[in-house]
Amino acid sequence: MKITHILNVLREEFSEYEVSLHQVLAYVYERKTQRVQTRVTDLVQKINFGTGPTVHNKLAWLEVRGPVELKQCATDGRAKVIVITTAGINQLREMEKILLEAV
């Protein structure tokens, strides 16, 4: 089955934490393509991204390493908007390449 091979490639190539970071990037990227801004609270409210502290830790890790930037929301001064960077898009492309080769 192709799905079992893909899942095994994911397990072999990436740690569980790396996969969870890519899931955050994918979510932000998908919303960007729909022209929807993603706020930190959007991720916190999605149960599958983890608890509030977990989401904040993931975003801090991503921001320090460059795949995302956190910016002040233009319409709500209390909120932070997550912006995927070129580095983040490149990371998603690399993961896509690995998974397509697995198929």
Side-chain angles (χ1 to χ4, degrees):
M1 292 177 80
K2 288 182 182 180
I3 188 65
T4 59
H5 185 65
I6 290 169
L7 292 172
N8 283 325
V9 167
L10 270 174
R11 183 181 46 75
E12 292 168 6
E13 294 288 328
F14 304 99
S15 71
E16 194 173 320
Y17 191 70
E18 288 173 312
V19 171
S20 73
L21 294 172
H22 281 95
Q23 289 171 335
V24 169
L25 288 177
Y27 182 76
V28 174
Y29 178 79
E30 194 70 23
R31 288 174 56 100
K32 177 186 175 188
T33 63
Q34 298 166 357
R35 298 181 184 199
V36 177
Q37 286 187 331
T38 304
R39 296 180 179 149
V40 173
T41 53
D42 295 329
L43 289 180
V44 171
Q45 291 171 351
K46 292 275 189 194
I47 192 89
N48 54 332
F49 289 113
T51 63
T54 299
V55 168
H56 285 280
N57 287 338
K58 288 177 184 179
L59 289 173
W61 193 96
L62 289 167
E63 187 175 32
V64 166
R65 284 156 184 84
V68 300
E69 292 177 357
L70 297 179
K71 297 190 174 186
Q72 200 70 35
C73 180
T75 58
D76 182 353
R78 300 168 295 162
K80 296 274 187 178
V81 174
I82 306 162
V83 178
I84 191 165
T85 65
T86 302
I89 293 169
N90 289 339
Q91 272 191 263
L92 287 173
R93 285 190 177 127
E94 282 301 312
M95 185 177 219
E96 179 181 54
K97 183 180 170 185
I98 290 167
L99 294 178
L100 287 174
E101 286 174 3
V103 176

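Values below: all heavy atoms of this structure, side chains included; hydrogens, waters and symmetry mates excluded.
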**Request:** Measure the shortest side-chain to side-chain distance between Ile98 and Met95 over non-hydrogen atoms and say whether it is less than 4.5 angstrom.
**Result:** no
**Message:** Could you check whether any side-chain heavy atom of Val83 comes within less than 4.5 Å of a side-chain heavy atom of Lys32, counting everything from C-beta outward?
**Reply:** no
Give the minimum heavy-atom separation between [X] and [Y], together with the two atoms involved.
| X | Y | value |
| --- | --- | --- |
| Cys73 | Gln37 | SG-OE1, 4.4 Å |
| Leu92 | Ile84 | CD1-CD1, 3.9 Å |
| Pro67 | Leu25 | CB-CD2, 3.8 Å |
| Gly66 | Ala87 | O-CB, 3.8 Å |
| His5 | Ala102 | CD2-O, 2.9 Å |
| Lys2 | Val103 | CD-CG1, 4.0 Å |

Cluster question for you: counting only ILVMFWY and a side-chain heavy-atom cut-off of under 4.5 Å, with indirect links fine, are [X] and [Y] together?
| X | Y | answer |
| --- | --- | --- |
| Trp61 | Phe14 | no |
| Val19 | Val24 | no |
| Val81 | Leu59 | no |
| Leu7 | Tyr17 | no |

As an exercise, state the distance from [atom1] of [X] to [atom2] of [Y], rounded to the nearest 0.5 Å.
| X | Y | atom1 | atom2 | answer |
| --- | --- | --- | --- | --- |
| Glu101 | Glu96 | CD | CD | 11.0 Å |
| Tyr29 | His22 | OH | NE2 | 14.0 Å |
| Lys80 | Leu43 | NZ | CG | 14.5 Å |
| Arg65 | Leu21 | CZ | CG | 8.5 Å |
| Glu18 | Gln23 | CD | CD | 12.0 Å |

**Prompt:** Between Lys58 and Phe49, is there a donor-acceptor pair closer than 3.5 Å when you use the side chain of the first and the backbone of the second?
**Reply:**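 Indeed, once roles are kept as given, a pair shorter than 3.5 Å links the two residues.
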**Asked** How about Glu16: does its CD atom have over 12 heavy atoms from other parts shown lying under 6.0 Å from it?
**Response** no
**Request:** Step by step, work out the side chain to side chain contact (heavy atoms under 4.5 Å, CB included) result for Arg93 and Asn90.
**Result:** CA-CA 5 Å; Arg93 285 190 177 127; Asn90 289 339; 3.7 Å; yes
**Item:** Derivation and outcome, side chain to side chain contact (heavy atoms under 4.5 Å, CB included), residues Leu70 and Ile82
**Value:** CA-CA 5 Å; Leu70 297 179; Ile82 306 162; 3.6 Å; yes
**Request:** Applying side-chain hydrogen bond (donor to acceptor under 3.5 Å, both in side chains), name anything that partners Thr54, two or more places apart in sequence or on another chain.
**Result:**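 By the side-chain hydrogen bond (donor to acceptor under 3.5 Å, both in side chains) rule, Thr54 matches Thr51.
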